[in-house]
Amino acid sequence: MARDPVCGMYVDEDHPAFTAEVDGRTYFCSEACMLTFVQPEVERQNQKRLVVFSLSLGVATMIIMFYNSPLPLLSKSLWSFLLATPVQFIAGWRYYRGAWGAVKARTMNMDTLIVVGTTTV
């Protein structure tokens, strides 16, 4: 079995989730690992944008939860749901793609664990 050069997970060479031609054939467990290896600077910029996006909505959610007066239009729970949902599905979309790739390859990886953990109540 081959090892992912980014995270070190073992990848089945017969059914790899992602491959790239870098000094021969290299196998990756997820698209995130492949992009980190092939285009590290582009991936770093995307990560910075997603962190700023997540922090801004996360801080807004925390402010709403500590606000003691009634909020306009919706309850605190609905406002926090509306603010947290984009963070879950926009910033976390790469984990959903990685988990889907693992399911198609009939394996489990760290993306699968993260998706199951963040989507359960």
Let me confirm one number: the [atom1]-[atom2] distance from [X] to [Y], rounded to the nearest 0.5 Å.
X: Y95; Y: L113; atom1: OH; atom2: CG; value: 11.5 Å
X: W79; Y: L73; atom1: CH2; atom2: CG; value: 6.0 Å
X: I114; Y: T119; atom1: CD1; atom2: OG1; value: 11.5 Å
X: L83; Y: L57; atom1: CG; atom2: CG; value: 6.0 Å
X: N109; Y: T112; atom1: CG; atom2: OG1; value: 4.0 Å
X: N46; Y: R44; atom1: CG; atom2: CZ; value: 11.5 Å

Kindly list each side-chain donor-acceptor pair under 3.5 angstrom involving residues 96-103, sequence neighbours excluded, with atom names and distances?
from, atom 1, to, atom 2, distance (Å)
Y96, OH, Q88, NE2, 2.7
R97, NE, E31, OE1, 3.2

| request: Check whether V52 and F89 end up in the same hydrophobic cluster, where Ile, Leu, Val, Met, Phe, Trp and Tyr are linked by side-chain heavy atoms less than 4.5 Å apart. | output: no
Is it the case that one hydrophobic cluster holds both I64 and L78, taking links as side-chain heavy atoms less than 4.5 Å apart, direct or via other members?
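In one cluster with I64: L78, yes.
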Heavy-atom pair of closest approach, residues [X] and [Y]:
X: V87; Y: S54; value: CG1-OG, 3.8 Å
X: L74; Y: L82; value: CD1-CD1, 3.6 Å
X: T61; Y: S80; value: CG2-CB, 3.8 Å

Connected to V51, directly or through other members, by ILVMFWY side-chain contacts below 4.5 Å are L55
Cluster membership besides V59, Ile/Leu/Val/Met/Phe/Trp/Tyr side chains within less than 4.5 angstrom, sorted by chain and number, is I63
Check: F53 main-chain N/O paired with S56 side-chain donor or acceptor under 3.5 Å |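 Confirmed, S56 side chain pairs with F53 backbone.
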- Query: Are the side chain of K76 and the backbone of Y67 linked by a donor-acceptor contact shorter than 3.5 Å?
  - Reply: yes
